[in-house]
Amino acid sequence: MAGELPFGCRDCKIAPWNDTTETISTGVDVPRIRTVELNVTRDSADLEGDDVRVATHTFAKGLEGSIEAGGINPAVVAVLEGGVVTTGGTGGTAWVGYEVEGNQTEGYFALEAQMYADDGGAMHFTAWRVKATNGPNYSFAQGEFALTQCDLAGIFDETTSPSRLYQIVQYATVQPIDTADIGDLTARPA
C-alpha cells in the first residue's frame, strides 16, 4: 500500500472542540507548518517478587508533542490558547490584532496533519482531543524568520464508543485535509 513512507509535513489543520455540543468545529489551516510531533505516552507500574520483575502494567495512555510553524497566524494562535482576533481598517490601513485576556480558557482541539509519501500517495495523522500545555512560544532572531511553537498533550476522545486517541490513514493518492471533516473517515473518498 502506498503511503507507508511519509516524508516531511505538507499540511496541518486544527479545529476547536465545541464543549456544548461535544463536536469538532470547522478547522483552521496552520500555514507554513514545519513540524508536528506527537508521541504516545503512558505510565507504568512494575510488580517485583522473588528478585525478578514479575509483571509490568501500563496505564494513563496519552499523547505529548509539539507543533512549529513559520510566522504568526492569529487564527491559529486563538485556537491554541483561546485569545481574541480582531480586525479593522480597509485597504492600506487594514490590520489584524490578537489579544489574550484574563477571563479566557484554553480549549481542546482536533489536529490533522498530512504528509506526502515517498512511495506514492499520502498519510494523514489525526489526534482528536489535544490541548496546548506550553506556549505558544515565539522566536524573533536577527537574520531568521519568526516561528510559532507550542507544546501539546492529547487525551482520549470520550464522545465515541469506544473512545479514541489518534488515527493514521494511508492513501494511494494524495488527498487534502477537509477543514469541515477533520478525522472523519466517512467523509473520505471511497
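Sequential numbering from 1 along the given sequence is applied to the chain's residues.
Under a cut-off of 6.0 angstrom, the local environment of CZ in Phe145 is sparse, with at most 12 non-hydrogen atoms contributed by other residues, nucleotides or ligands. Annotation for Phe7: atom CZ does not count as buried by contact number, only 12 or fewer foreign heavy atoms lying within 6.0 Å. Crowding of Asp50 atom CG: a count of heavy atoms from other residues, nucleotides or ligands under 6.0 Å not exceeding 12. Within 6.0 Å of CZ on Arg53 lie no more than 12 heavy atoms contributed by other residues, nucleotides or ligands. Taking a 6.0 Å sphere around CZ of Arg32, one finds it holds more than 12 heavy atoms contributed by other residues, nucleotides or ligands.
Annotation: side chain of Asp43 is not in contact with side chain of Thr58 (no heavy-atom distance under 4.5 Å). Contact check for Thr148 versus Asn73: no side-chain heavy atoms found under the 4.5 Å cut-off. Pro136 is listed as a side-chain neighbour of Glu81, based on a closest heavy-atom distance under 4.5 Å. Contact annotation: the side chain of Leu111 approaches that of Leu152 to within less than 4.5 Å [non-hydrogen atoms, C-beta and beyond]. Taking 4.5 Å as the limit, every side-chain heavy atom of Tyr116 sits out of range of all side-chain heavy atoms of Met123. At least one side-chain heavy atom of Leu63 sits less than 4.5 Å from a side-chain heavy atom of Tyr166.
Shortest non-hydrogen contact noted between Gly27 and Ala15 is CA-CB, 3.6 Å. Nearest heavy atoms, Ala132 versus Cys150: CB-SG, 3.5 Å.
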Inset, instruction - Give the C-alpha distance, both sets of side-chain angles, the deciding distance and a yes or no for side-chain hydrogen bond (donor to acceptor under 3.5 Å, both in side chains) between Gln175 and Thr173. - result: CA-CA 6 Å; Gln175 301 297 321; Thr173 60; 2.8 Å; yes
Inset, instruction - Check the pair Val96, Thr86 against side chain to side chain contact (heavy atoms under 4.5 Å, CB included), reporting the backbone distance first and the verdict last. - result: CA-CA 6 Å; Val96 175; Thr86 54; over 6 Å; no
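Atom CE of residue Met115 and atom CD of residue Gln170 lie 9.5 Å apart, to the nearest 0.5 angstrom. To the nearest 0.5 angstrom, Trp17 atom CH2 is 5.0 Å from Arg129 atom CZ.
Cluster partners of Leu147 are absent, since no Ile, Leu, Val, Met, Phe, Trp or Tyr has side-chain heavy atoms less than 4.5 Å from it.
Distance alone, capped at 3.5 Å, is enough to place a donor-acceptor pair between the Asn18 side chain and the Thr20 backbone.
In this structure, Lys13 does not pair ionically with Glu112, as no charged nitrogen and carboxylate oxygen lie closer than 4.0 Å.
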